[in-house]
Amino acid sequence: MTSPPPVPVSVREARDADLDAVGRLLYDFNREFDEPARRPAELAVRVRELLAGGDTGVVVAGDDPVGLALMRFRLSLWERGLECYLAELYVVPSLRGHGIGRALMEAAMGLARARGADYMDLGTAETDVAARNLYESLGFDNHQGKPGGPVNFYYERKL
């Protein structure tokens with residue numbers, strides 16, 4: 001089976017005018033997986049606050065955004081550069097499988113490098129095979145130290 005053709009969209013760093021759409025996309029993402037979510041307008045305000053703090057970056061796909069990657073940056077304990085955590089990657093369901101997620105990830109990695117990050121980490125569900133395949137095709141690995149090492153686990157808990 002062949003892959004569907006790529007959907008041509010521009011991918012760029014989000015501008016202030018995009019943040020309402022970013023809030024909507026984040027809301028849609030959480031609702032798709034039956035997770036609680038603030039209203040889109042509240043999410044747009046929160047993303048605006050995070051961007052103003054300087055430790056967050058967002059790239060969007062499309063002039064009227066149809067996808068996003070949201071990253072959080074932090075100082076590294078082990079290296080001189082920053083670490084980048086991919087907090088969210090989302091493409092509207094009807095456009096998945098057309099290369100938009102890959103374009104967003106490549107732009108996110110480029111932005112992370114430009115900001116001085118030398119490491120990116122992320123978490124995804126075991127059942128999200130499409131996302132796992134995308135991340136692995138871009139060189140991400142969930143094994144400690146090297147391919148074939150022990151499997152890394154991501155844990156979370158509300159405090």
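Source: prediction; values computed, not measured. Numbers for residues simply follow the sequence, beginning at 1.
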> Could you check whether any side-chain N or O of Asp18 sits under 3.5 Å from a backbone N or O of Arg15, counting only pairs where one atom can act as donor and the other as acceptor?
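Yes, the answer is positive, given that a donor and an acceptor are paired below the 3.5 Å cut-off.
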> Taking atom CD of Glu49 as the centre, report whether more than 12 heavy atoms of other residues, nucleotides or ligands fall under 6.0 Å from it.
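Atom CD in Glu49 is crowded, with more than 12 foreign heavy atoms closer than 6.0 Å.
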> What's the separation between atom CZ in Arg80 and atom CG in Leu75, rounded to the nearest 0.5 Å?
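Arg80 CZ to Leu75 CG: 11.0 Å, rounded to 0.5 Å.
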> Taking a hydrophobic cluster as the set of Ile, Leu, Val, Met, Phe, Trp and Tyr residues connected by side-chain heavy atoms closer than 4.5 Å, whether directly or through intermediates, do Val58 and Tyr27 fall within one such cluster?
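As far as the 4.5 Å side-chain criterion goes, Tyr27 and Val58 are connected within one cluster.
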> Calculate, to the nearest 0.5 Å, the distance between atoms CG and CZ belonging to Leu82 and Arg72 respectively.
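The CZ atom of Arg72 is 12.5 Å from CG of Leu82, to the nearest 0.5 Å.
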> Checking side chain to side chain contact (heavy atoms under 4.5 Å, CB included) for the pair Val91/His98: CA distance, chi angles, key distance, verdict?
CA-CA 10 Å; Val91 175; His98 294 279; over 6 Å; no
> Looking only at heavy atoms, what is the nearest atom pair of Arg12 and Asp63, with distance?
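Closest pair (atom of Arg12, atom of Asp63, distance): NH2-O, 3.7 Å.
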> Checking Arg31 side chain against Glu35 main chain: does a donor-acceptor pair fall under 3.5 Å?
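Between the backbone of Glu35 and the side chain of Arg31 there is a qualifying donor-acceptor contact (under 3.5 Å).
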> Backbone N or O of Leu134 within a donor-acceptor pair of the Arg102 side chain at under 3.5 Å?
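Absent.
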> Verify side chain to side chain contact (heavy atoms under 4.5 Å, CB included) between Asp28 and Val92, making sure each step is shown before the conclusion.
CA-CA 8 Å; Asp28 291 347; Val92 297; 5.6 Å; no
> With clusters defined by side-chain heavy atoms of hydrophobic residues (ILVMFWY) lying less than 4.5 Å apart, directly or transitively, does Tyr90 cluster with Leu95?
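The answer is yes; both residues are in one hydrophobic cluster.
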> When you group the ILVMFWY residues by side-chain heavy-atom contacts below 4.5 Å and let the links chain together, are Leu51 and Val59 in the same group?
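Both belong to a single hydrophobic cluster.
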> Roughly how far, to the nearest 0.5 Å, is CG of Leu86 from OH of Tyr135?
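Those atoms lie 5.0 Å apart.
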> Which residues pass the side chain to side chain donor-acceptor pair (under 3.5 Å) test with Asp121, sequence neighbours left out?
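Testing Asp121 for side chain to side chain donor-acceptor pair (under 3.5 Å), a comparison that skips the adjacent residues, returns Arg74.
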> Could you measure the distance from the CD1 atom of Ile100 to the CG atom of Leu68? Nearest 0.5 Å is fine.
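Interatomic distance, Ile100 CD1 to Leu68 CG, rounded to 0.5 Å: 12.0 Å.
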> Going through the distances and angles, do Thr56 and Leu70 end up as a side chain to side chain contact (heavy atoms under 4.5 Å, CB included)?
CA-CA 7 Å; Thr56 301; Leu70 189 145; 4.1 Å; yes
> With clusters defined by side-chain heavy atoms of hydrophobic residues (ILVMFWY) lying less than 4.5 Å apart, directly or transitively, does Leu111 cluster with Phe140?
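Result: yes, single cluster for both.
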> Are the side chain of Asn30 and the backbone of Pro36 linked by a donor-acceptor contact shorter than 3.5 Å?
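Yes; judged by distance alone, with no hydrogens or angles, the pair exists.
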> Give me the atom names and distance for the closest heavy-atom approach of His143 to Gly149.
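Heavy atoms of His143 and Gly149 come nearest at CD2-O, 2.8 Å.
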> Considering non-hydrogen atoms only, spot the tightest contact between Thr124 and Ala131 and give its length.
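Here Thr124 and Ala131 meet closest at OG1-CB, 3.8 Å.
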> Check Ala125 against Arg132 and note the closest heavy-atom contact, atom names and distance.
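Residues Ala125 and Arg132, closest heavy atoms: O-CD, 3.5 Å.
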> Should the pair Phe33 and Phe29 be assigned to parallel (<30°), tilted (30 to 60°) or perpendicular (>60°) ring geometry?
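Geometry flag for Phe29 against Phe33: perpendicular rings.
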> Please tell me whether Met120 and Tyr85 are part of a single hydrophobic cluster in this structure, the criterion being side-chain heavy atoms less than 4.5 Å apart.
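Different clusters: Met120 never reaches Tyr85 through Ile, Leu, Val, Met, Phe, Trp or Tyr contacts under 4.5 Å.
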> Looking at every heavy atom in both Phe73 and Gly57, which two are closest together, and how far apart are they?
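Reported closest heavy-atom pair: CE1-N, 3.9 Å.
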> Run the numbers on Glu106 and Leu138 for side chain to side chain contact (heavy atoms under 4.5 Å, CB included), then give the verdict.
CA-CA 8 Å; Glu106 289 170 349; Leu138 290 166; 4.1 Å; yes
> If you round to the nearest 0.5 Å, how far is CG of Leu25 from CG of Leu43?
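Leu43 atom CG to Leu25 atom CG measures 10.5 Å (nearest 0.5 Å).
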> Please give me the minimum heavy-atom distance between Ala107 and Val11, naming the atom from each residue.
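Heavy atoms of Ala107 and Val11 come nearest at CB-CG1, 3.4 Å.
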